[in-house]
Asks: 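Next up is a structure, given as structure tokens.
Predicted model only: the values in this text are computed from it and were never measured. Start at 1 and go down the list; that is how both ligands and their atoms are numbered.
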Amino acid sequence: MSQNQFDKKSQAWSALFSEPMSELVKRYTASVSFDKRLWQADISGSLAHAEMLAAQGIISRADQADINCGMAQISAEIASGGFEWQLDLEDVHLNIEARLTQLVGDAGKRLHTGRSRNDQVATDVRLWLRSEIDLIAGLLTELQQALLEVAEQHVEVILPGFTHLQVAQPISFGHHMLAYVEMFARDAERMGDVRKRVNRLPLGAAALAGTSYPLDRERVARSLGMVDDQGQPCVCQNSLDAVSDRDFAIEFSAAASLCMVHISRLSEELILWMSQNFGFVRIADRFTTGSSIMPQKKNPDVPELARGKTGRVVGHLMGLITLMKGQPLAYNKDNQEDKEPLFDTVDTLKDTLRIFAEMLGGQLNPASGLKEGGIRVNPEAMERAALRGYATATDLADYLVKKGLPFRDAHETVARAVKAAIAHQVDLSELPLTVLKEFNSSIEKDVFDLLSLRGSLNARDVLGGTAPKQVQAQINRHRLRLG
Ligand code: ARG
């Protein structure tokens, strides 16, 4: 191959290389097709780096001004779709830098002073993920608010609470919704905690060992908003760790996986509750689909798909954690594989949270100022289900304990009463007092207050319990917390 041909085809590296990359290898190693979505973070990082280089006298203020100018134009080009991404330039970093040099000449070539793509990419991913975490935090708040509204409207609605999916005790539907509020509140808390470790600056670590230029890393951290609660700059303190650490991505994926697991459990319940055998709830038609063969069907596609997508997000966590396990220090090209799982995790989680907030809470109708089209509850079906399965048996046992029976004996006595009720195909509350008295003579007429669903509900008046008074108190607490 002549020298000329080689020049045209070769990569941007240097005279060191004696043959160009094959098209296959180019395609295999390039990341620009997906990492171009880091472009805003890449430009922000470069602007902060250039500002610091100028402040430290490493480049001139004139060069910095050219860089700012060029980057403004590049931002406009990318935003308008006019930027020409080139596979030959491998990734987002080299694409932007090459265009900058094309636009502003030598100033563009000076930008990379004291920097490597290794600390650059780690910085970009962190900046990008930080802003995504902030969006996710907002979506988690919206979902909690939607659940709170549903809870508030159904504090007094009774459904059977299950253990082992067997009817256990009557509970308030509002209480049930609040269980999910707790889960999503923890998810938000976890995201906030992950954010602290995402928000640290690798730049200045250069390729792996630091750099011989007198960089001011804390200045860069400050200008990128990488500061702690006290406003102190957060800078990665070991250059090897700075370029090779992806713990923050794994932690985020773990938090996202757990959040999806909560969504998946809620989905599973919605799917059960929507089946004809339960008939507890309905979701708006726009979240369901019909069947191409069975005209009567309305399938809960959105909850089913969310349950399915949970597997994909958990899979990404496994991918990321496996990606790291065999890597020697410091940066390795393996790390380029962190992006697609991370991007897909963010996209899946955001879409899922958005869709669930709307599916449960409904959509705001600007004309009426009210939310419409949220989840619809069938209190009669829930109550009917709670009446099957002797959900108030524990209440009868508690009644006997208050009459002086040891709990284990009371438990046994009630088991016999339930057996009799089953034989007669009636509820405990439908057994005549004379029959109940045969099991224990201390049983009086007042027992029927407790054997009703509502009596059972009201009795659980303990902090965190299902008594409507307690449920309302929790709703008030959450409202205050969410502001
Ligand atoms: N595209 C690379 C990545 O995503 C950027 C860093 C490449 N560094 C290198 N020394 N090859 O990780």
Asks: Given the rule in the side-chain contact (heavy atoms from CB on, under 4.5 Å) test, do V235 and R200 qualify, once you have shown the distances and angles that lead to the verdict?
Replies: CA-CA 5 Å; V235 172; R200 290 178 187 166; over 6 Å; no
Asks: Is the closest N or O pair between H93 and ligand 1 shorter than 3.5 Å?
Replies: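 So ligand 1 has no N or O lying under 3.5 Å from an N or O of H93.
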Asks: May I ask you to check whether H112 and R115 show a side-chain donor-acceptor distance below 3.5 Å?
Replies: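 Side-chain D/A pair, H112 to R115: present.
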Asks: So is there a nitrogen or oxygen of N118 less than 3.5 Å from a nitrogen or oxygen in ligand 1?
Replies: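 Looking only at distances, the answer is yes, because the N/O contact criterion of under 3.5 Å is met.
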Asks: Only heavy atoms of S31, strictly under 4.0 Å: list the atoms of ligand 1 that pass.
Replies: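 Answer, ordered by atom number: 1 (N).
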Asks: To the nearest 0.1 Å, how far is atom 5 (C) of ligand 1 from its closest protein heavy atom, and which atom is that?
Replies: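 Atom 5 (C) of ligand 1 sits closest to the protein heavy atom D91 OD2, 3.4 Å.
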Asks: Please identify which atoms of ligand 1 are closer than 4.0 Å to at least one heavy atom of K339.
Replies: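 Selected atoms, number and element: 3 (C), 4 (O), 12 (O).
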Asks: In terms of residue, atom name and distance, what is the protein heavy atom nearest to atom 6 (C) of ligand 1?
Replies: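 Looking only at protein heavy atoms, the one closest to atom 6 (C) of ligand 1 is Y331 OH, 3.4 Å.
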Asks: Quick one: CD1 on I136 to CG on L143, what's the gap to the nearest 0.5 Å?
Replies: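 The CD1 atom of I136 sits 12.5 Å away from the CG atom of L143.
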Asks: Give yes if a backbone or side-chain nitrogen or oxygen of Q336 is under 3.5 Å from a nitrogen or oxygen of ligand 1, and no if not.
Replies: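 Yes, since at least one N or O of Q336 sits under 3.5 Å from an N or O of ligand 1.
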Asks: Which protein heavy atom lies closest to atom 11 (N) of ligand 1, and at what distance to 0.1 Å?
Replies: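 Of the protein heavy atoms, R117 NH2, 3.4 Å lies nearest.
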Asks: With heavy atoms under 4.0 Å as the rule, classify the contact between Q120 and ligand 1 as side chain, backbone, both or neither.
Replies: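 The answer is neither.
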Asks: Using a 3.5 Å cut-off on N or O atoms only, is K333 in polar contact with ligand 1?
Replies: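 Between K333 and ligand 1, no N or O pair is found under 3.5 Å apart.
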Asks: For N118, what residues pass the side chain to side chain donor-acceptor pair (under 3.5 Å) criterion, not counting sequence neighbours?
Replies: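 Per chain and number, N118 pairs via side chain to side chain donor-acceptor pair (under 3.5 Å) with no residue.
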Asks: Between K339 and D35, does a salt bridge (Lys or Arg N to Asp or Glu O under 4.0 Å) hold up when you go through it step by step?
Replies: CA-CA 7 Å; K339 285 165 203 67; D35 70 14; 5.6 Å; no
Asks: Please list all pairs passing the side-chain hydrogen bond (donor to acceptor under 3.5 Å, both in side chains) test where one or both residues lie in residues 208-228, with sequence neighbours left out.
Replies: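 Qualifying pairs, neighbours excluded: E51-R219.
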Asks: Can you tell me how the ring of F173 sits relative to the ring of H154, calling it parallel under 30°, perpendicular over 60° and tilted otherwise?
Replies: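 Answer is perpendicular, since the angle exceeds 60°.
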